[in-house]
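Input: a single structure, listed below in structure tokens.
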Protein chains: 2
Amino acid sequence: MITIRDLAEQLGVSVATVSRALNDQLGVSPELRQRVLDLAAEMNYRPNVAARNLSTDRTHTVIFMVHRRRFPAAADPFYSYIMHGMEASLSLEGYSIMLLTVTDEQLAQGPQSLPALQEKRADAVVLAGPEFLPGFILSVARLGLTTLLVDNALRETPFPAVLADNEGGSRTLTDHLIKVHGHTHIAFLQGPKGWISCEERSAGYQFAVNAAGLESHIVESEDTTPETGQDAFLRAIKDRPETTAIVASNDAMAIGAMRAARQLGIKMPQEMAIVGFDNIFWSAYADPSLTTVSIPTIEVGRLAARLLLERLYGTVTASSRTIVATQLVIRNSCGCMEAA
Amino acid sequence: MITIRDLAEQLGVSVATVSRALNDQLGVSPELRQRVLDLAAEMNYRPNVAARNLSTDRTHTVIFMVHRRRFPAAADPFYSYIMHGMEASLSLEGYSIMLLTVTDEQLAQGPQSLPALQEKRADAVVLAGPEFLPGFILSVARLGLTTLLVDNALRETPFPAVLADNEGGSRTLTDHLIKVHGHTHIAFLQGPKGWISCEERSAGYQFAVNAAGLESHIVESEDTTPETGQDAFLRAIKDRPETTAIVASNDAMAIGAMRAARQLGIKMPQEMAIVGFDNIFWSAYADPSLTTVSIPTIEVGRLAARLLLERLYGTVTASSRTIVATQLVIRNSCGCMEAA
DNA sequence: TTGAAAGCGCTACCAT
DNA sequence: ATGGTAGCGCTTTCAA
């Protein structure tokens, strides 16, 4: 293994100079700098990360923390995508990303139970998903790591967070059912209370429905899987048989609802329009193909990476929530393009 | 931040002793050891990883390397699952896992283009997926990192690798179509040449078909997506209209084939049985639900982690390939349980 | 069993 | 612009 000492000796200069040249710091004459760089390249020099970490107290590493159940979610690798987006961005800046999945027990015990965090293996940490509660979040932040929430947020305390525009997307989606297809009895299949994305989607639905002077109809669920979607659908039409359209909290629920509808012999989209959220890969393969809202997950990850780096370098202090635009994806399940 | 020096001073002993006590090394009297441990706990001492890394030349980190296109694969988060399994196991041993996705250019340029590898940010590296070619693999290994292949293998050189029992799974699956359902004209939708898992699945199919005295019928594809499955299916039945069953290289292709069959008005499973491989979440939601072979991805990850740690600790030297058993998952698309 | 001290490779401060 | 050098916190010889 070759070190800056080797380079320094070869060139007959001090290690300090070599270090400066290598780190692009001022105080080195252009020609000497070039000689250092050339020799480093020639000798295939690689900095020792551990040594640099020790003396700078920086690791150039970010921890991506997510609940173990959610990575990957069987039905939807949402967080895998976000991590992927982060990795691609971070690697460009010389940063690495570590995966840390946490169990319910660890969540309950707090960050003390997470050695990777305590040992400061990273400069920053992303907490992805709604499982992280305020108490946990704040204790992580208190550890001294730069902390960022993704697909989650604190309600009262301002805290850096990146989220999709769930409310806007849901409003647009619901509006589409109302304005384009003329539905007047639309139910919303709501996911668990406390999952911010579900609540925002619910809010978007309600806004659209209220604005149109329609009655809202919210059916609650404990989860957002096909199974719970199926179940919620059945309750929805039992409650109100006049229902002709369903907005599900996500695609998985929507696909479950479709299955339930099909089993009852309900024609889709003619007798029942069903739409989802997330635009998972398989939503295009549902029958009828699912109208939904897409979230640019890679972009969410890219943004998270950028925000983190900005905060690490002190470029920026303010701005708590960052909202990423979503987009309506029209397919067949809303009633559009039936000819296709 | 509290260091071993703080502990040493508090206790009036040397840092060497504290270090030994903390690292469970011999040469410390039981009572002193206990006092050290107690104080460490009381003062909430956390070792500085960078310092330890520097002096031991170990990082207690593993890099999970995968092609950028494959993480996560939109249709099937196969590698996300494996990484997840690895993380869960590694964290128990105090190891962390880093994600490193690589592009085609980086693959072509070799490990030189990957700073994370060169800088020895990890003790070991897993190369997951068939995109890593022998030259690349061997140069990574030459870097001095403990290297392990997952869902890939070298053909000639013995090299540590973990794979699912693709051949066995595929043989069992094909056998099921022959023995239970009496099919005599079964086509195999083959994925790209060079993807070892696809080739093994192909071999399993051929073995079963030959053993039954049937003719094999292999249809090639450039990828293993629903689109390529759809296309391959059409070519298969055009080639041989007598075909009554399809074994696809994976579930995504199988679902694509189903779509093509449905568009042609072919009844499934009565007129056409279609089966897949991987048991992705959505395969249960296909119509008819997909008979397939499940791969215990979490277990694959767990095994990979264990093999890596064993090699890091020099417990084991031999054994190149490790094969993980797969399991037949019977649903409706093969013709079983039609009543259900 | 315990302690002293020499590094690990790099950064950054203080001189020159 | 360049050099000398003191750490960063820990592990690990070597002595006692």
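Letters go in sequence order (proteins before strands), and every chain restarts at 1.
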Just report the end-to-end axis angle for the helix from C:dT1-D:dA16 to C:dT16-D:dA1, five pairs per end, to 10 degrees.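 The helix from C:dT1-D:dA16 to C:dT16-D:dA1 shows an end-to-end axis angle of 40°.
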Across the strands shown, which category fits A:T3 at heavy-atom distances under 4.0 angstrom: base, sugar-phosphate, nothing?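 Result for A:T3 = sugar-phosphate.
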A:N23 near the nucleic acid: base, sugar-phosphate alone, or nothing, with a heavy-atom cut-off under 4.0 Å?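 Sugar-phosphate contact only.
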What's the shortest heavy-atom distance between B:P111 and B:L117, and which atoms?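 Minimum heavy-atom contact is CB-CD2, 4.2 Å.
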Could you report the tightest heavy-atom contact between A:R33 and A:L26, atom names first, then the distance?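 What the structure gives for the nearest pair is NH2-CA, 4.1 Å.
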Rounded to whole Å, how long is the line connecting atom [atom1] of [X] with atom [atom2] of [N]?
X	N	atom1	atom2	result
A:R46	C:dG9	CZ	P	17 Å
A:D6	C:dG9	CG	P	9 Å
B:L54	D:dC10	CG	C1'	8 Å
B:L11	C:dT2	CG	P	11 Å

Short heteroatom pairs, N/O only, protein and nucleotides 1-4 of chain D, under 3.5 Å:
from, atom 1, to, atom 2, distance (Å)
D:dT2, OP1, A:S29, OG, 3.4
D:dT2, OP2, A:S29, N, 2.6
D:dT2, OP2, A:S29, OG, 3.1
D:dG3, OP2, A:S14, N, 2.9
D:dG3, OP2, A:S14, OG, 3.3
D:dG3, OP2, A:T17, OG1, 2.7
D:dG3, N7, A:R20, NH2, 2.9
D:dG3, O6, A:R20, NH1, 3.2

I need the full list of salt bridge (charged side-chain N to carboxylate O under 4.0 Å, His left out) pairs touching residues 53-69 of chain A, with sequence neighbours left out, sorted by first then second residue.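 Sorted result for residues 53-69 of chain A: A:R68-B:E87, A:R69-A:D104.
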Is there any side-chain hydrogen bond (donor to acceptor under 3.5 Å, both in side chains) pair reaching into residues 132-142 of chain A, and which pairs are they, with sequence neighbours excluded?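 Passing the test, one end in residues 132-142 of chain A: no pairs.
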Any side-chain donor paired with an acceptor under 3.5 Å for B:D38 and B:Q34?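 Yes, B:Q34 and B:D38 have a side-chain donor paired with an acceptor closer than 3.5 Å.
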Among side-chain atoms of B:D151 and B:Y79, is any donor-acceptor pair under 3.5 angstrom?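 B:Y79 and B:D151 do have a side-chain donor-acceptor pair below 3.5 Å.
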List for me each residue that meets ring pair (Phe, Tyr, Trp, His ring centres under 6.0 Å) alongside B:F132, sequence neighbours excluded, and say none if there are none.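 Testing B:F132 for ring pair (Phe, Tyr, Trp, His ring centres under 6.0 Å), a comparison that skips the adjacent residues, returns B:F136.
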Kindly write out the residues that satisfy salt bridge (charged side-chain N to carboxylate O under 4.0 Å, His left out) with A:E93, not counting sequence neighbours, or none if the list is empty.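 By the salt bridge (charged side-chain N to carboxylate O under 4.0 Å, His left out) rule, A:E93 matches no residue at all.
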Where the side chain of A:A51 is concerned, which of C:dC10, D:dT11, D:dC10 is the nearest nucleotide?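 Closest of the options to the side chain of A:A51: C:dC10.
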